[in-house]
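Data block below; observations after.
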Protein chains: 2
Amino acid sequence: MKEKEKAIIEAAIKLYATKGFAATSIQEIVSESGISKGAFYLYFKSKDALLIAILEYYFDHIQKNIEIHDHENLPPREKFAKQLTALFSTMIEHKEFIIMQSREQAIPLNEEVKTLMFRKHYEAQKFYQNSLRAIYGEIAEPHLWDLAFMLEGFFNSYIRLLLFNEEGFRISELVEYILRRMDSLIDGLKGEEPIATEEKMEDLFKKTKAFFLANNHDIKLVIEKMKKVISGMENSEDFNISLEVLQSEIEKETPRLPVIQGMLSNFRNEPKLDTYREEIAKIYNIKR
Amino acid sequence: MKEKEKAIIEAAIKLYATKGFAATSIQEIVSESGISKGAFYLYFKSKDALLIAILEYYFDHIQKNIEIHDHENLPPREKFAKQLTALFSTMIEHKEFIIMQSREQAIPLNEEVKTLMFRKHYEAQKFYQNSLRAIYGEIAEPHLWDLAFMLEGFFNSYIRLLLFNEEGFRISELVEYILRRMDSLIDGLKGEEPIATEEKMEDLFKKTKAFFLANNHDIKLVIEKMKKVISGMENSEDFNISLEVLQSEIEKETPRLPVIQGMLSNFRNEPKLDTYREEIAKIYNIKR
DNA sequence: ATACAAATTGACTAATTAGTCATATCGTAT
DNA sequence: ATACGATATGACTAATTAGTCAATTTGTAT
C-alpha cells in the first residue's frame with residue numbers, strides 16, 4: 001500500500017469517526033490529508049471504494065495481531081488470553097476505526113460492504129467458539145453459540161469502557177477477569193438447555209446466508225445466459241476461458257475483486273455481452 | 001402529538017433504519033408519509049429537530065413500557081424479569097428504531113443529540129444497577145457497575161439475535177436464562193475485585209462530561225486566534241464586543257445557539273475571520 | 001352563500017455533493 | 001539541458017440537498 005493511500009485512509013477514518021460516513025465529504029478528506037481532489041481519485045475509484053479499503057485494511061490488521069499467537073505453543077486458555085488481550089489492544093490502538101464502526105454499524109450502502117461485515121462477524125463468532133471449545137472441551141459444546149454471544153457481549157461492553165478511558169484499566173487484568181466470568185458461566189450451564197441451539201443457528205445462518213448470497217445466485221443465472229450467447233459466436237474460445245475463470249472466482253468464499261474485474265474487462269469489445277457485463281459489475285460495485 | 005407528526009416520525013424511522021440518517025432526504029420522508037415538503041416544516045423546525053423528536057418519542061415509549069411494572073407488588077427478581085421482557089418485546093416491536101439506533105449510533109451530529117444519548121445510556125445503566133441491587137442485595141454492591149456492563153452485553157448480543165429471527169425464540173425463556181446467568185456470575189464474584197470500581201467510574205463520568213465539552217476547549221483556542229487577528233485591525237471595537245459576548249456564551253453550561261449564531265454573523269463581512277467563523281459554526285452545527 | 005383563517009402545496013433558491021478533466025508540475029533517464 | 005511519463009491540481013459539471021414562500025385549498029363560523 002502506498003504512503004498516500006494510508007494517509008487518505010487515516011484521514012478518512014478520523015473524520016468518519018467524528019462525523020460519520022455519509023456526512024463526511026471527499027473534499028473534507030482531501031483537505032485533512034493534504035492532497036487534491038483529483039489525486040484522491042488516482043488512489044480510490046470512488047467514495048465507496050475507500051470505505052471498503054478502510055474496512056479491509058483494519059480487519060486485516062486486527063486479524064494479523066491475533067494470529068501472531070496462533071503458532072505459539074501454549075495451553076488453550078493462555079493462548080486465548082493473549083489473543084483477547086491483542087484484540088483489546090489493537091482496537092484501542094485504532095480507536096477511530098472502532099468508533100466509526102460502532103457509529104455506523106455496517107453502513108450497508110452496497111452489497112460488498114454488507115457481505116464483508118456479515119462475514120467478519122461470523123468469523124469472530126467462530127473464533128470465540130473454537131477458543132472456548134479448546135479451553136472447556138465437550139462440556140461447552142452444546143452451549144458454544146450462547147457462550148460466544150455472551151463473551152461477545154462482555155467484550156463489547158468493556159471495549160466501550162476502555163475507549164472512554166484507556167489508562168484507567170489494565171487490559172491483562174480485564175481479560176483474566178472476563179475469562180473467570182466465563183468459568184462461572186460454564187459452571188452454571190450444567191443441566192441447562194442452550195438458547196441458541198446448533199439447530200436454530202444453522203437454520204438462521206442458512207436464511208441469512210441465502211440473503212447475502214442472493215447476488216451469487218443472480219450472477220449464476222447471468223453467467224448461464226452469457227454461456228449461451230458465447231456458444232453462438234465465432235472464436236468463442238477466449239471468452240469461454242474468461243467465463244470459466246470468472247465463474248470459479250465467484251464461487252469462492254471470498255471472491256477476489258481484481259480477478260472479477262479483469263475477466264469482465266475481457267468482454268469489453270463484445271457489445272452483445274455488454275448488459276451482462278454491466279449487471280455483474282453492478283453487483284460487485286466495480287466501475288464499468 | 002398530532003397524527004401527522006406520528007406519520008412523519010414513523011416514515012422517517014423506517015427510512016433511517018434502511019438507509020441511515022444522513023442518507024435519507026426530507027423529500028423521501030415526505031413522499032413516504034404522503035405529505036408535502038412544506039407541510040413537513042409546519043411540524044418540524046428542521047431535519048435535526050425531527051431526529052430529536054424521534055429519539056424522544058421512542059425512548060419515552062420504551063420507558064413507559066418498563067415503568068408499567070414499577071407499581072406492581074412483586075419480588076424484585078420477578079419484577080425485573082417482567083421489565084426485561086418488556087424491554088425485549090418493545091424493542092422488537094420497534095425494530096426499525098433499534099436498527100436505526102444501532103446503525104448510526106444516534107448520529108451525534110449536534111450537541112443536543114449527543115447529550116440525550118449520553119443521558120439515556122447512563123439511565124439504562126442505573127436501571128440495571130438498581131434492579132440488580134434489589135435482587136442480590138449487598139453481595140452485589142461492589143460489583144454493580146461490572147454486573148450492569150455484563151448484563152448490558154448479554155442484552156445487546158441477544159437482541160441482535162432476536163432481530164434476525166423473532167419467531168425462533170421465546171422471550172420469557174431467554175429472560176429467565178439471562179437471569180440464571182447473572183446468578184452464576186454473582187456466585188463467581190465472591191472474593192473478586194471489581195474491574196469497574198465505583199471510584200474509577202465516578203472519575204470516568206466526570207471526564208466524560210468533560211469530553212462532551214471538549215469542543216469548548218477547541219473553541220477557546222479559535223477565539224484566542226481571532227483576538228490576535230482582530231487586534232491587528234482598524235475599527236476593531238465592534239468585533240471585540242462580539243467576540244466577548246461569544247466567549248462568555250460559550251463558557252455557559254448550556255450555551256444558547258441563537259446568541260452564538262448572531263455573534264458569528266457579525267464576523268461575516270471580514271474575510272480574514274472566515275475560517276475561524278466556519279470552524280465554530282461547524283462545532284455548533286450552525287448554518288454558515 | 002360569504003368571509004376569513006388555518007392548513008397545505010410544490011416550484012424555487014442557495015448550498016453542497018461526488019466525480020471529471022484539461023492543465024501543470026515533478027522526477028528521472030539520457 | 002531536454003524530454004517524457006507519472007503524479008498532482010482545482011475549476012468545473014450535473015445532481016441532490018435542506019429549507020422558503022407566494023399561491024392555493026380546506027374548514028368553519030355566521
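Throughout, a chain's letter reflects where its sequence line sits, starting with A, and its residues are numbered from 1.
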Annotated structure of DNA chain C as dot-bracket, pair cut-off 3.5 Å, Watson-Crick or G-U only, | for inter-strand, is ||||||||||||||||||||||||||||||
The criterion is side-chain contact (heavy atoms from CB on, under 4.5 Å); which residues satisfy it with [X], sequence neighbours excluded?
X: A:I68; value: A:N65, A:E72
X: A:A11; value: A:E32, A:S33
X: A:E152; value: A:H121, A:Q125, A:Y128, A:F149, A:N156, B:S157, B:R160
X: A:S89; value: A:T85, A:I171

Roughly, in whole Å, what's the span from [atom1] in [X] to [atom2] in [N]?
X: B:Y41; N: C:dG10; atom1: OH; atom2: P; result: 16 Å
X: A:E28; N: C:dT16; atom1: CD; atom2: C1'; result: 10 Å
X: B:K45; N: D:dT20; atom1: NZ; atom2: P; result: 11 Å
X: A:F44; N: C:dT20; atom1: CZ; atom2: C1'; result: 18 Å
X: A:Q27; N: D:dT16; atom1: CD; atom2: P; result: 20 Å
X: B:K47; N: D:dG19; atom1: NZ; atom2: C1'; result: 12 Å

Separation between CD1 of A:I54 and CD1 of A:I13, rounded to the nearest 0.5 Å |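 Here the rounded value is 4.5 Å.
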Looking for any heavy atom pair under 4.0 Å, which part of the strands does A:T24 touch: base, sugar-phosphate only, or nothing?
->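 Sugar-phosphate, backbone atoms only, no base.
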Listing, residues 37-46 of chain B side-chain donor-acceptor contacts under 3.5 Å, not counting sequence neighbours, or none:
from  : atom 1 : to    : atom 2 : distance (Å)
B:S46 : OG     : B:D48 : N      : 3.4
B:S46 : OG     : B:A49 : N      : 3.1

Is it true that A:E67 and A:K64 make a salt bridge, defined as a side-chain N closer than 4.0 Å to a carboxylate O?
->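 No, this pair does not count.
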Of all residues at least two apart in sequence or in a different chain, which pass the side chain to side chain donor-acceptor pair (under 3.5 Å) check with A:S242?
->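 So A:S242 forms a side chain to side chain donor-acceptor pair (under 3.5 Å) with A:N266.
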Identify, with sequence neighbours excluded, every residue that meets side chain to side chain donor-acceptor pair (under 3.5 Å) alongside B:S25.
->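 B:S25: side chain to side chain donor-acceptor pair (under 3.5 Å) contacts with B:E28.
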Using a cut-off of 4.0 Å between protein heavy atoms and nucleotide atoms, how would you tag nucleotides 8-14 of chain D 5' to 3' with B, S and -?
-> BBB----
For nucleotides 22-27 of chain C, tabulate all protein N/O to nucleotide N/O atom pairs closer than 3.5 Å, reporting atom names and distance.
none

Work out which heavy atom in B:A12 is nearest to a heavy atom in B:I29; give both atom names and the distance.
->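 Heavy-atom minimum between the residues: CB-CD1, 4.0 Å.
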Less than 3.5 Å apart, which donor and acceptor atoms pair up between the side chains of residues 90-99 of chain B and the rest of the protein, not counting sequence neighbours?
from  : atom 1 : to     : atom 2 : distance (Å)
B:T90 : OG1    : B:A86  : O      : 2.4
B:H94 : NE2    : B:H61  : NE2    : 3.0
B:K95 : NZ     : B:L163 : O      : 3.4
B:K95 : NZ     : B:E166 : OE2    : 2.9

